[in-house]
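What follows is a set of notes on a single structure, which appears directly below.
One-based numbering along the sequence shown.
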Amino acid sequence: MTARSTRSKTATRTRLAAVGSLAVAGALLLTACGDQTADGGGDGGSSESGKANAAPLFSKLPKKIQDAGVIKVGTNAEYAPMEYQEGGKIVGVDPDIAAALGEKLGVTFQFTSGSFDGLITSLNSGRYDVAISSITDTPARQNGLDEKGKKLGPGVDFVDYFKAGTAVYVQKGNPKKINSIEDLCGQTAAVQRGTTYEQALQKQSKACTDGGKKKITIESFENDTEAQTRVKSGGAVAGVNDYPVAVDLARKADGGNAFQVVGEQVDAGPFGIAVNKDNKELTSALEAAVNAIIEDGTYKKILDKWGAQSGSLDKAAVNGGK
């Protein structure tokens with residue numbers, strides 16, 4: 001959901017899984033690509049059936065997941081190159097990272113695509129074990145707060161594995177001469193509902209009116225594809241998205257002839273794997289697995305494959321969002 005250079009200062013970046021929504025569109029149960037059980041050394045373990053598992057980090061997993069052999073993942077697979085559907089499969093940066101984590105942990109990551117703004121609610125209800133969907137790790141999400149600080153739920157813990165900021169994209173040729181998010185005062189902008197970049201537009205709109213300029217007319221859509229269509233048709237002068245996604249969109253849509261990214265990415269922050277706060281054992285296992293794929297070079301190969309090198313981290317972190 002966008003690839004996700006450092007940038008300027010104004011906006012709050014990336015996708016925000018809205019903690020309050022209960023709607024999760026059922027869709028596709030798919031397994032992340034690749035055989036995710038590896039013959040690694042170290043402290044392996046065995047499942048309830050007695051079958052040995054030689055994956056190096058298997059023993060760190062909660063017994064329930066060891067026995068199941070599966071980690072259930074909630075995602076919104078409409079966000080190339082991070083996660084999207086191709087040929088009946090969910091592919092992208094996040095599924096490839098999940099497959100690599102599965103090899104370290106000795107389990108399979110099974111992805112289900114649904115509504116983005118319902119992922120955290122569904123995670124905390126037990127439908128998923130984790131949510132991996134280019135979700136920005138923020139203190140509000142950690143604490144289950146809405147944008148006004150109202151308590152909506154228990155929150156989640158994040159295992160940070162990537163970083164990205166907010167980017168503005170426009171029609172190819174930039175007919176309205178938009179060069180930054182600040183140039184959107186008095187204009188119409190399209191965005192996916194329930195994301196941090198929707199909040200970035202709201203913040204910028206207030207800055208516009210505080211400065212004596214007209215507000216931004218913000219059109220929020222259920223999915224990012226609708227927002228892109230609005231920009232492409234000229235109904236909105238710009239869209240706002242995660243930087244990697246905007247770059248990928250500009251490169252691929254209509255053979256690179258539909259959109260372009262303007263200005264610099266703003267306020268880069270971490271994407272995290274969301275985990276229920278009561279599942280500290282799983283959080284710890286995932287942190288170890290992320291560090292393992294960083295250390296052995298698998299992580300770099302995945303980001304290189306997808307052109308997402310700008311989002312690389314040197315080390316995993318738990319709740320590193322500020």
> About how many Å separate CD1 of Ile120 and OG of Ser125, when rounded to the nearest 0.5 Å?
Replying inline: 12.0 Å
>> Side chains of Phe259 and Val231, heavy atoms from C-beta outward: is any pair under 4.5 Å?
In response: yes
> If you take all heavy atoms of Ala274 and Ile135, which pair is closest and at what distance?
Replying inline: CB-CD1, 4.5 Å
> Out of curiosity, Leu201 CG to Ile218 CD1, how far, rounded to the nearest 0.5 Å?
Replying inline: 5.0 Å
>> To the nearest 0.5 Å, what is the distance between CZ on Phe158 and CD on Gln142?
In response: 7.0 Å
> Are any non-hydrogen side-chain atoms of Phe221 and Val191 less than 4.5 angstrom apart?
Replying inline: no
> So, does Ser233 use its side chain to make a donor-acceptor pair with the main chain of Arg230 at under 3.5 Å?
Replying inline: yes
> So, Ser134 versus Glu83: side-chain donor-acceptor pair below 3.5 Å or not?
Replying inline: yes
> Does a donor on one side chain sit under 3.5 Å from an acceptor on the other, for Glu78 and Thr225?
Replying inline: no
> Is any side-chain heavy atom of Leu101 closer than 4.5 Å to a side-chain heavy atom of Phe109?
Replying inline: yes
> Do Leu313 and Ile97 sit in the same hydrophobic cluster, where Ile, Leu, Val, Met, Phe, Trp and Tyr count as joined when their side-chain heavy atoms come under 4.5 Å apart?
Replying inline: yes
> Gln309 and Asp304: side chain to side chain contact (heavy atoms under 4.5 Å, CB included), yes or no, with the steps?
Replying inline: CA-CA 6 Å; Gln309 304 92 327; Asp304 287 348; 2.9 Å; yes
> Under the salt bridge (charged side-chain N to carboxylate O under 4.0 Å, His left out) criterion, do Arg193 and Asp117 qualify, and how do the steps go?
Replying inline: CA-CA 8 Å; Arg193 186 178 303 118; Asp117 61 3; 5.5 Å; no
> Does Asn291 use its side chain to pair, donor to acceptor, with the backbone of Ala316 at less than 3.5 Å?
Replying inline: yes
>> On a heavy-atom basis, which atom in Gly92 and which in Tyr84 lie closest, and how many Å separate them?
In response: CA-CE2, 4.3 Å
> Which residue pairs satisfy the salt bridge (charged side-chain N to carboxylate O under 4.0 Å, His left out) criterion with at least one member in residues 281-297, sequence neighbours excluded?
Replying inline: Lys104-Asp296
> Run the side chain to side chain contact (heavy atoms under 4.5 Å, CB included) check on Val261 and Val168 step by step: do they pass?
Replying inline: CA-CA 6 Å; Val261 176; Val168 177; over 6 Å; no
> Can you tell if the side chain of Gln204 reaches within under 4.5 Å of the side chain of Cys185, non-hydrogen atoms only?
Replying inline: yes
> For Asp224 and Gln228, does a side-chain donor sit closer than 3.5 Å to a side-chain acceptor?
Replying inline: yes
> Are the side chain of Gln110 and the backbone N or O of Lys72 linked by a donor-acceptor pair below 3.5 Å?
Replying inline: no
> Which pair of non-hydrogen atoms, one from Ser133 and one from Gly74, has the smallest distance, and what is that distance?
Replying inline: CB-O, 4.5 Å
>> Working note: Ser115 + Glu222, criterion side chain to side chain donor-acceptor pair (under 3.5 Å); need CA distance, chi angles, decisive distance, verdict.
In response: CA-CA 8 Å; Ser115 170; Glu222 177 66 23; 3.2 Å; yes
>> If I compare all heavy atoms of Ser113 with all of Ala77, which pair ends up nearest, and what's the gap?
In response: OG-N, 3.0 Å
>> Closer than 3.5 angstrom, by distance alone: can the side chain of Lys277 be matched with the main-chain N or O of Asn124 as a donor-acceptor pair?
In response: no
> Side-chain contact, heavy-atom cut-off 4.5 Å: Thr195 with Gln192?
Replying inline: yes
> Just by distance, with hydrogens left out, do Asn319 and Asp137 show a side-chain donor and acceptor under 3.5 Å apart?
Replying inline: no
> Is Thr112 close to Val73 at the side-chain level, that is, under 4.5 Å between some pair of heavy atoms?
Replying inline: no
> How many angstroms lie between atom OG1 of Thr75 and atom CZ of Phe111, to the nearest 0.5 angstrom?
Replying inline: 6.0 Å
> Looking at Phe162, Tyr161, Tyr299, which one forms a side chain to side chain contact (heavy atoms under 4.5 Å, CB included) with Ser312?
Replying inline: Tyr299
>> Could you check whether any side-chain heavy atom of Lys60 comes within less than 4.5 Å of a side-chain heavy atom of Leu286, counting everything from C-beta outward?
In response: no
> What's the spacing between Lys215 NZ and Thr188 OG1 if we round to 0.5 Å?
Replying inline: 10.0 Å
>> In this structure, would Phe271 and Ile294 fall into the same cluster of hydrophobic residues linked by side-chain contacts under 4.5 Å?
In response: yes
>> Between Lys151 and Asp146, is the salt bridge (charged side-chain N to carboxylate O under 4.0 Å, His left out) condition met? List the steps.
In response: CA-CA 7 Å; Lys151 186 75 170 176; Asp146 67 11; over 6 Å; no
> Any side-chain heavy atom of Cys208 sitting closer than 4.5 Å to one from Lys214?
Replying inline: no
>> side chain to side chain contact (heavy atoms under 4.5 Å, CB included), that's the test. Do Ile65 and Val70 meet it? Break it down for me.
In response: CA-CA 6 Å; Ile65 289 178; Val70 167; over 6 Å; no
>> Looking at Asn179 and Gly263, would you say the former's side chain and the latter's main chain have a donor-acceptor pair under 3.5 Å?
In response: no
> Counting only heavy atoms not in Lys300, do more than 12 sit closer than 6.0 Å to its NZ atom?
Replying inline: no
>> Quick one: does any side-chain atom of Ser284 pair with a main-chain N or O of Lys280 as donor and acceptor, under 3.5 Å?
In response: no
> Which pairs count as side chain to side chain donor-acceptor pair (under 3.5 Å) when at least one residue sits in residues 249-260, sequence neighbours excluded?
Replying inline: Lys232-Asp254, Asp248-Arg251, Asp248-Lys252
> Of all heavy-atom pairs between Pro175 and Lys172, which one has the smallest distance, and what is that distance?
Replying inline: CD-O, 4.2 Å
>> Given Lys176, which partner from the list Leu184, Val237, Val170 fulfils the side chain to side chain contact (heavy atoms under 4.5 Å, CB included) test?
In response: Val237
> What pairs meet the salt bridge (charged side-chain N to carboxylate O under 4.0 Å, His left out) rule with one or both residues in residues 204-213, with sequence neighbours excluded?
Replying inline: Lys206-Asp210
> Which value, rounded to the nearest 0.5 Å, describes the distance between Thr217 atom OG1 and Gln187 atom CD?
Replying inline: 9.0 Å
> Do you know which two heavy atoms are closest between Ala285 and Leu105, and how far apart they sit?
Replying inline: O-CD2, 3.9 Å
>> Determine whether Ile71 and Leu282 satisfy the following criterion, side chain to side chain contact (heavy atoms under 4.5 Å, CB included), listing intermediate values before the conclusion.
In response: CA-CA 10 Å; Ile71 292 178; Leu282 179 57; 4.1 Å; yes
